[in-house]
2 protein chains.
Amino acid sequence: MIILLVEDDTLLATHSIDFLAKEGIEVDYASTVRQAKSISAQQQYDAIVLDINLPDGDGLNLAQQWQHTRSEPILFLSARAALDDKLKAFSFGALDYLTKPFALEELAIRIKLLANKNTLKSNKRFALDSLNVDLNAKIITRAQRLIVLSPQQWQLLTLLVEHYPNPVDKATVINTIWPDQDVNNNMYKSLLTRLRSNLSHEHETPLLHTLKKQGIVLKMEKTDE
Amino acid sequence: MIILLVEDDTLLATHSIDFLAKEGIEVDYASTVRQAKSISAQQQYDAIVLDINLPDGDGLNLAQQWQHTRSEPILFLSARAALDDKLKAFSFGALDYLTKPFALEELAIRIKLLANKNTLKSNKRFALDSLNVDLNAKIITRAQRLIVLSPQQWQLLTLLVEHYPNPVDKATVINTIWPDQDVNNNMYKSLLTRLRSNLSHEHETPLLHTLKKQGIVLKMEKTDE
DNA sequence: CTATGCTGTTACCTTACGGTTACCTCTGTC
DNA sequence: GACAGAGGTAACCGTAAGGTAACAGCATAG
């Protein structure tokens, strides 16, 4: 699980990062709005933790901009406990709001709850077209035929299913499948080819599509023109 | 939407019930553990709001009993702000925890968020005229026809949507799409032409308009300058 | 020790993205 | 009326991004 933390108090930030690491939560860190924008462009997160007061702007504005374009759950951190601030935050799409000072344990729990929200809906089964995936039993079939995937391919498929119907961007795939490893583009390309080939045995319609520069996504072919 | 409220402070309870009613939230009310059990037996709720201190028991125990039998999201109310209490609550399956005193507005918002959690996560959408944009799935249609955009065009479209209904000025477009790059006017012009052409396939009304010297904006045809 | 299969690597192919250029219209100004 | 400047369109084309197949190294099983 990886989150984005945007917080200008570096002391608080380092403590948080350390603590969250122990909880198994990886953290990308930005201390300014500017940084946050550039870092977040690279990849998708399981959740975003935003401070309201930032040196070069306002976390609320950032959330407002993101609420129409990004799909991550947002949790606000702020010293401001006033109701107005909270209401504004929620109206900008925040899903949680924690007032400073707070316990790191609580932050960790709330982050985990938010992150689960996205994956919770993917119960145990997933179906698309003639494809059928049992996420618990790790059984995959397409048109009644059993499909066997290598570990990497399985990982990628579950990632895609978790995000369905949204695309998963390349950086996210790479961070998930090859965490802290040297990765080159060919490894990524091979994996895609292999999964694709396994998912569609004969002349079945392709399900795994690439959006140039944006990522990959599971969807049924739209055969209008 | 209907919730169960378990709270022994009758004053707080009546205020809450009144307020939530105005927000369109129906409330079943219990003031004791005993009552809560009997009332809740018949019905499923969108969320459950539990006080911790109850005259004949403890909300935490109730949550613990329910956490494997009931599927409703639980929000705790409590005067106890100690970390231990919160941790215990979360470990019993609570999804949120609000310390008294709190604003009724905040309670209402958090209840709504919890209730939404069970419903499928809906993607962020933008619609204008016959144009329909799913910002998360990155699917665009115009009059039911699927539209495929290049990465640059997609970026521009999201930029326009973020600012809608306000115009976006040229400098902003350029900084967003070509950050720290040499840009000439032709690149900008080409991008506009291409996006325009993709957005209106045949003789559909143009949606992307230029305001001289001000920038570009999405709007339905309306030639007030 | 052989066999099988997973995965990283390489080579080669195809496509369409986007920068470029040329030419057009429109509007306002001197 | 001509010129300038802004904006719009269409076509050209090099190249990077993506796709595939085949091979090689390495593990693991049997």
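All of these numbers come straight from a predicted model, not from anything done at the bench.
- Without hydrogens or angle criteria, A:Q181 side chain to A:V183 main chain gives no donor-acceptor distance under 3.5 Å.
- Near-neighbour residues of DNA chain D inside residues 170-181 of chain B, defined by a heavy atom below 4.0 Å, number-ordered: B:K170.
- Remark: B:L192 pairs with B:L156, B:Y188, B:R196, B:L208, B:T210, B:I216 by the side-chain contact (heavy atoms from CB on, under 4.5 Å) rule, at least two apart or across chains.
- Checked by atom type and distance alone, the side chain of B:K219 never pairs as donor or acceptor with a backbone atom of B:P165 at under 3.5 Å.
- Across all strands, A:N184 comes closer than 4.0 Å only to sugar-phosphate atoms, never to a base (heavy-atom distances).
- Not a single donor-acceptor pair under 3.5 Å links the side chain of B:S200 to the backbone N or O of B:S197.
- The interatomic distance linking B:N186 (CG) with D:dG5 (P) rounds to 15 Å, in whole Å.
- Both B:N185 and B:S197 sit near DNA chain D, but only B:N185 has its closest nucleotide nearer the 5' end.
- When every heavy atom of A:K170 is checked against every heavy atom of A:N185, the shortest pair comes out as NZ-OD1, 3.0 Å.
- Remark: A:R34 pairs with no residue by the side-chain hydrogen bond (donor to acceptor under 3.5 Å, both in side chains) rule, at least two apart or across chains.
- Atom CG of A:L60 and atom CG of A:D51 lie 10.0 Å apart (nearest 0.5 Å).
- One interatomic measurement links the two molecules: CD1 of A:I216 to P of D:dA17, which rounds to 17 Å at whole-angstrom precision.
- Atoms NE2 (B:H209) and C1' (D:dG8) sit 14 Å apart, rounded to a whole Å.
- The one candidate from A:D28, A:D169, A:N175 that meets the side chain to side chain donor-acceptor pair (under 3.5 Å) condition with A:Q43 is A:N175.
- A heavy-atom distance below 4.0 Å to DNA chain D is reached by these residues of residues 187-196 of chain B, ordered by number: B:K189, B:S190, B:L192, B:T193, B:R194, B:R196.
- Contacts of residues 138-147 of chain A with DNA chain C (heavy atom under 4.0 Å): none.
- Distance OG/A:S16 to CD1/A:I25: 10.5 Å, rounded to 0.5 Å.
- Extent of DNA chain C lying under 4.0 Å from chain B heavy atoms, first and last nucleotide in 5' to 3' order, is C:dC17 to C:dT27.
- Two residues are said to be in side-chain contact when any heavy atoms from C-beta on lie closer than 4.5 Å; A:D85 and A:F76 fail this criterion.
- Between the side chain of B:D129 and the main chain of B:L131, no donor-acceptor pair closer than 3.5 Å is present.
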TODO: Determine, step by step, whether A:Y45 and A:R70 satisfy the side-chain contact (heavy atoms from CB on, under 4.5 Å) criterion, reporting the C-alpha distance in whole Å, the side-chain angles of both residues, the deciding distance to 0.1 Å, and the verdict.
DONE: CA-CA 10 Å; A:Y45 298 96; A:R70 297 190 71 99; 3.9 Å; yes

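- No option in A:N136, A:N132, A:D134 other than A:D134 meets the side chain to side chain donor-acceptor pair (under 3.5 Å) test with A:R125.
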